[in-house]
*Asks:* 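Input: one structure, supplied below.
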Amino acid sequence: MTFDQAPMLVIWEVTQACDLACVHCRASAQPGRHENELTTLEGFRLLEQVRSFGNPMMVFTGGDPLKRPDLFDLISRSVELGLRTNVSPSATPLLTPEAIREFKQRGIARMAISLDGADAGSHDSFRGVPGTFDRAMDALRLAQQIGLDTQLQTTVTRRNVAELQRIADLVAEVGGKMWSLFFLVVTGRALQGDDLNAEEYEQVFETLYEIAKTSPFDVKTTEGMHYRRYVARREKQHGDNDDSGPGTRKMMWRTAGVSDGK
């Protein structure tokens, strides 16, 4: 696959609306929808244009995509066009068991749920709404029961850096296919004081490297291109296969380049 010709991944923030109040929200999401959101028909045309690129992965996110009443129509059109279609909803009361089953029925390939703490106390303080952790875990367990693949997403900050191993244990517990770690970009509501310093980044990289060697799920970084340098150095230091298992080789591929295209 060459990113000169087409993107591998297209992420559409279908709405800014969301009922959470996350401390790091890059979109500075609000409870209500914006008047300039695409209409359903405009959304269909956008999906058709995406399909004309080739066969990228199409991700519906937000805000909270479930705040759009036409979300399932958009998903159906995406799947109908032959796009590999994922969804990343917020863990709010809108994420009902019925909605999760509908994702499966409409052809969603994977549902991504954010988990920014290893327990209700840390995660809910991150997300700004009590009960979010329990709702996220319930959604992940239901998806596991009905055979809907899941991906867990964690934004790494000073607030949760000490909990990464425990969060990884939860990813394995619910059968997640991928753990996607986002390294904080200080934009939207994110605060400079929540970002890691250089030494803390290196410690996180070591933790992720050790987890990925034996984890039953893939580990992916976003805004973590420097992790590839860490993996390359470790594999050079330990060329006797002690540390160069399939998990680390997959990480090298996943952190190479920018998958959105050129």
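Small disclaimer: the values here were computed from a predicted structure and weren't measured.
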*Asks:* Any heavy-atom pair between the side chains of Asp218 and Lys220 that's under 4.5 Å?
*Replies:* no
*Asks:* For the side-chain contact (heavy atoms from CB on, under 4.5 Å) test, which of Leu46, Leu74, Val14 pairs with Leu38?
*Replies:* Leu46
*Asks:* Output the distance between atom NZ (Lys213) and atom CZ (Arg234), rounded to the nearest 0.5 Å.
*Replies:* 5.5 Å
*Asks:* So, are Arg51 and Glu80 salt-bridged, with charged N and O less than 4.0 Å apart?
*Replies:* no
*Asks:* Measuring from Leu66:CG to Thr96:OG1, what's the distance to the nearest 0.5 Å?
*Replies:* 7.5 Å
*Asks:* Heavy atoms only: give me the nearest Ser180-Thr222 pair and the separation to one decimal.
*Replies:* OG-OG1, 4.1 Å
*Asks:* Let me confirm one number: the OG1-CD distance from Thr150 to Gln144, rounded to the nearest 0.5 Å.
*Replies:* 7.0 Å
*Asks:* Taking Arg84 for the side chain and Asn55 for the main chain, is one N or O donor matched with an acceptor at less than 3.5 Å?
*Replies:* yes
*Asks:* Any donor-acceptor pair under 3.5 Å linking the side chain of Asp134 with the backbone of Gly131?
*Replies:* no
*Asks:* Quick one: does Thr221's side chain get under 4.5 Å of Arg228's, heavy atoms only?
*Replies:* no
*Asks:* Considering non-hydrogen atoms only, spot the tightest contact between Pro216 and Ala172 and give its length.
*Replies:* CG-CB, 4.1 Å
*Asks:* Could you check whether Lys67 pairs with Glu37 (Lys NZ or Arg NE/NH1/NH2 to Asp/Glu carboxylate O, under 4.0 Å)?
*Replies:* no
*Asks:* Work out which heavy atom in Leu170 is nearest to a heavy atom in Ala118; give both atom names and the distance.
*Replies:* CD1-O, 3.7 Å
*Asks:* Could you check whether Arg166 pairs with Glu173 (Lys NZ or Arg NE/NH1/NH2 to Asp/Glu carboxylate O, under 4.0 Å)?
*Replies:* no
*Asks:* Would you say Ile108 and Leu148 make side-chain contact, with heavy atoms under 4.5 Å?
*Replies:* yes
*Asks:* Please report the C-alpha distance between Met57 and Arg110 in whole Å, then the side-chain angles of each, then the deciding distance to 0.1 Å, and finally whether the side-chain contact (heavy atoms from CB on, under 4.5 Å) criterion is met.
*Replies:* CA-CA 11 Å; Met57 180 180 294; Arg110 180 176 294 180; over 6 Å; no
*Asks:* Asp64 vs Asp19, test: side-chain contact (heavy atoms from CB on, under 4.5 Å). Steps then yes/no.
*Replies:* CA-CA 8 Å; Asp64 178 10; Asp19 292 327; 5.6 Å; no
*Asks:* Considering non-hydrogen atoms only, spot the tightest contact between Pro56 and Gly54 and give its length.
*Replies:* CD-C, 3.4 Å
*Asks:* Could you walk me through whether Phe60 and Leu47 pass the side-chain contact (heavy atoms from CB on, under 4.5 Å) check?
*Replies:* CA-CA 11 Å; Phe60 292 91; Leu47 293 169; 3.9 Å; yes
*Asks:* In sequence, state the C-alpha distance, the side-chain angles, and the governing distance for Ile75 and Gln105, and then conclude on side-chain contact (heavy atoms from CB on, under 4.5 Å).
*Replies:* CA-CA 11 Å; Ile75 288 172; Gln105 292 170 1; over 6 Å; no
*Asks:* Could you grab the distance from atom OG1 of Thr154 to atom CD1 of Ile113, nearest 0.5 Å is fine?
*Replies:* 12.0 Å
*Asks:* Is the shortest heavy-atom distance from the side chain of Met111 to the side chain of Pro89 under 4.5 Å?
*Replies:* yes
*Asks:* Does Thr15 use its side chain to pair, donor to acceptor, with the backbone of Ala17 at less than 3.5 Å?
*Replies:* yes
*Asks:* Taking the side chain as every heavy atom from C-beta outward, state whether Val79 and Ser76 have any atom pair closer than 4.5 Å.
*Replies:* no
*Asks:* Are Phe183 and Tyr201 an aromatic pair by the rule of ring centers under 6.0 Å?
*Replies:* yes
*Asks:* Calculate, to the nearest 0.5 Å, the distance between atoms CD and CZ belonging to Gln145 and Arg101 respectively.
*Replies:* 8.0 Å
*Asks:* Is any side-chain heavy atom of Glu200 closer than 4.5 Å to a side-chain heavy atom of Val161?
*Replies:* no
*Asks:* To the nearest 0.5 Å, how far apart are CZ in Arg233 and CZ in Arg229?
*Replies:* 5.5 Å
*Asks:* Minimum heavy-atom separation for Tyr230 to Glu202, with atom names?
*Replies:* CD1-OE1, 3.7 Å
*Asks:* In terms of the angle between their ring planes, are Phe103 and Phe72 parallel, tilted or perpendicular, with boundaries placed at 30° and 60°?
*Replies:* tilted
*Asks:* For Val59, does its backbone N or O pair with a side-chain atom of Asn86 as donor and acceptor, under 3.5 Å?
*Replies:* no
*Asks:* Is Asp119 reaching over with its side chain to a backbone N or O of Ser122, donor-acceptor style, under 3.5 angstrom?
*Replies:* yes
*Asks:* Any heavy-atom pair between the side chains of Arg141 and Met137 that's under 4.5 Å?
*Replies:* yes
*Asks:* Using a 4.5 Å cut-off on heavy atoms from C-beta on, say whether the side chain of His123 contacts that of Thr132.
*Replies:* yes
*Asks:* Do you know the tightest heavy-atom contact between Ala168 and Trp179?
*Replies:* CB-CZ3, 3.6 Å
*Asks:* When the ring planes of Phe205 and Tyr227 are compared, do they come out parallel, tilted or perpendicular, using 30° and 60° as the limits?
*Replies:* tilted
